Amino acid sequence: MVTDLAEAVAERERSGSVRWVWQSAALVYPRLLRCGVRVGRCHDVELTESLLLGRDGLSDQPARLAAAAARITGRPARSEAAPLPSAEPAGPPQLLFDESDLAGPADHLAGAVLDDLITVHASQQARIGADRQTPRFGVLTTAESAGGLVAAEMTAAGLPWRAEIHDELLTELLGPRPAAAVGPAARPARLAELATEISAALGAVRPVNLDSPTQLLRALSAAGIRVPSTRVSVLRTIDHPVIPLLLRYKELARLYTANGWSWLDTWVSGGRFRPEYIVGGVVSGRWATRGGGALQIPKVLRRAVVADPGWSLVVADAAQLEPRVLAALAGDRAFAESAASGDIYDAVAQAIGAERAKAKVGLLSAMYGGSGGDGGHSLALLRRRFPQASGFVEAAARAGEEGRIVRSVLGRTCPPPSAAWLSLTGESGDPGLERDPDAGRASRARGRFTRNFVVQASAADWALVLLATLRTSLARAGEPDGAPARADVAWPGGRPVPQLVFFQHDEVVVHCPASQADEVTAAVDAAAVTATRLVFGATEVSFPMTTAVVDCYSDAK
DNA sequence: GCATTGCGCGCG
DNA sequence: AAAGCGCGCGCAATGC
């Protein structure tokens, strides 16, 4: 038993290699980070349980520690109604332990949690390796646990965000910030002007509420513009003087409502934007975020993301990740050759004798299940030229249509069909035999989902392993060569650590002392090579990173 | 009055 | 012939 958890953890970290086994990083780690303590490695029981349940077709079961323990012991689940001591400032180490701590004394609650941890951890270790169909599953659980650490660390670090630049941008585009929080004066001047012009151009007698699709549709119709919806892609096809105004209004209104001043007030403080990341929040293993729509930050706002003085942003994204993943997955020699280096769309275009743009659309159609429109012809060419790669996604689509499950390369598993889906499709297992058109639609929709899942989820596997690898190498980054040291980003030794501050599916942003930018860039490239080996083993396919070292996020690419 | 659903759009 | 994948969030409309 210790009295200062954070100090005890820090001491243990200093003493050498340790892997903490804990209920979840989301529960435990933010508190440690607030105390300035980072850990190197962990086994995240709840993230792991979630992966195992999905793999074993039990994703309807809860992944919480107590529930997992109850499944193993057959005893009723310990109540977790009372919030675990994560809310306390610094309680005893009941939420985490490593093997050498097991003999120590513990109080009643700590003992119960500890028992559950021991039980579930042992079970998970056994289960991880027990399924021959998912041989790399251990890589996935390790990376997912590391992802939990990265997520908490990124929230703690925050994305550097200059509120005054954001404010200037809004003022420039929308006019001054409206004084009133509500009422007619609430709308910024530029939006009000546009609304007036639009109503006039439509010849409307009364002002139209442009934020109401129903009203707008009616007003358009009255002006002789008949469209199935008011979405931008539809309006763009219409030739009418009101359309450019309407498109501009939509663009600015979106900025105002989604990322305007109230967003700024709510989500940015102390020069940082701190979203909460949800590891594995998407079925494909992609992350989600809670609050602030962090994964949908509009590109114009990247101007407000600026490195601290003397620091840089290293912005790195995996070029053309998904088609490369397909190439590595499918074992198609010809396709892998096209993805071996350079621009994959160029190479594919050359291989099938089409323009690059057509080849790209065709390839995306193959992965998304679309007809391709213009890419339809390319799609046919792709099938002929790359039969194995096409066959791979087609097989995934067929599995989905027939109600079967598919998995990512590391074994992340898609959800089974819902009861509603099963009853609708009648479990016939043959989409060709459907009578009910809804059944056919549902079947094909699931086919598109599983077709995309194998690629998107495997890409998420790769990105997660990259992130985990990069995190470890950044923690070991060399001396900063006189860069301004900051206590809040130093390991206990006092050396500044480059910080991961953003992760968006196939892109990472590292905030580091400018002198370390080259080192970080090299670490990113090395992490991509390592991720490729860990996820795909030996493959001809390359996964190049496009990296920019910038002061401002908007200067990247 | 509060919760849910649908539309629309930002990101990948 | 028609359909393309995955999200989060804000607003308006609808349901209770």
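Convention: sequence-line order gives letters A, B, ...; per-chain numbering from 1. Just so we're clear, the structure is a prediction, and the values are computed from it rather than from any experiment.
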Inset, instruction - Check the side chains of A/S221 and A/R226 for a donor-acceptor pair under 3.5 angstrom, ignoring hydrogens and angles. - result: yes
Inset, instruction - Measure from CG on A/L252 to P on C/dG10 and round the result to the nearest Å. - result: 18 Å
Inset, instruction - Would you indicate what A/R302 reaches in the nucleic acid, counting non-hydrogen atoms under 4.0 angstrom: base, sugar-phosphate, or nothing? - result: sugar-phosphate
Inset, instruction - Check the distance between C/dC11's P and A/W263's CH2 and give it to me in whole angstrom. - result: 15 Å
Legend entry - Spatial distance of atom CZ (A/R162) from atom CG (A/D167) [nearest 0.5 Å]: 12.5 Å
Legend entry - Length of the NE2-P vector between A/H505 and C/dG8, whole Å: 10 Å
Inset, instruction - Determine whether the aromatic ring centres of A/W161 and A/W263 lie less than 6.0 Å apart. - result: yes
Legend entry - Interatomic distance where NZ belongs to A/K250 and P belongs to C/dG10 [whole Å]: 17 Å
Inset, instruction - Starting from C1' on C/dC11, measure out to CD on A/Q215 and report it in whole angstrom. - result: 12 Å
Inset, instruction - Syn or anti for B/dG8, please, going by whether the chi angle lies within 90° of 0. - result: anti
Inset, instruction - Mind calculating the distance between CZ (A/R412) and C1' (C/dG6) to the nearest angstrom? - result: 13 Å
Inset, instruction - Could you tell me from which nucleotide to which nucleotide of DNA chain B, 5' to 3', there is an atom under 4.0 Å from chain A heavy atoms? - result: B/dC7 to B/dG12
Inset, instruction - Could you check which nucleotide pairs with C/dG4 in any of the strands shown, counting Watson-Crick or G-U wobble with both distances under 3.5 Å? - result: none
Inset, instruction - Could you tell me whether A/R356 and A/D343 make a salt bridge, using a distance below 4.0 angstrom between a side-chain N and a carboxylate O? - result: yes
Legend entry - Whole-Å distance separating the OH atom of A/Y249 from the C1' atom of C/dG10: 12 Å
Inset, instruction - Please work out if A/R441 contacts a base, only the sugar-phosphate, or nothing of the nucleic acid, heavy-atom cut-off 4.0 Å. - result: nothing
Inset, instruction - Scan side-chain atoms only and decide if A/D44 and A/Y29 contain a donor-acceptor pair under the 3.5 Å cut-off. - result: no
Inset, instruction - Just call it for A/V283: base, sugar-phosphate, or nothing, with non-hydrogen atoms closer than 4.0 Å on any strand. - result: sugar-phosphate
Legend entry - Rounded distance (nearest 0.5 Å) linking atom CD of A/Q388 with atom CG of A/D332: 5.0 Å
Inset, instruction - For A/R254, answer base if it contacts any base atom (sugar-phosphate contacts may also be present), sugar-phosphate if it contacts only those atoms, and nothing otherwise; contact means non-hydrogen atoms under 4.0 Å. - result: base
Inset, instruction - Answer yes when A/R444 and A/E401 have at least one side-chain N-carboxylate O distance shorter than 4.0 Å, and no when they do not. - result: no
Inset, instruction - Would you kindly give the CG-to-P distance between A/L326 and C/dG6, to the nearest whole Å? - result: 17 Å
Inset, instruction - For the pair A/R303 and A/E168, find out whether any cationic side-chain nitrogen is under 4.0 Å from an anionic carboxylate oxygen. - result: no
Legend entry - Integer angstrom distance from the P of C/dG4 to that of B/dC7: 13 Å
Legend entry - Electrostatic pair A/R383-A/E394, nearest N-O below 4.0 angstrom: yes
Inset, instruction - Would you classify A/Q456 as touching base, sugar-phosphate or nothing, given that sugar-phosphate means primed atoms plus P, OP1 and OP2, and contacts are heavy atoms under 4.0 Å? - result: base
Inset, instruction - Would you mind checking if A/E251 and A/R254 are paired as a salt bridge, meaning a charged N to carboxylate O distance below 4.0 Å? - result: no
Legend entry - DNA chain C-proximal residues of residues 193-212 of chain A, any heavy atom under 4.0 Å: A/N209, A/D211, A/S212
Inset, instruction - Select from A/R286 and A/G292 the residue whose nearest nucleotide in DNA chain C is closer to the 5' end of that strand. - result: A/R286
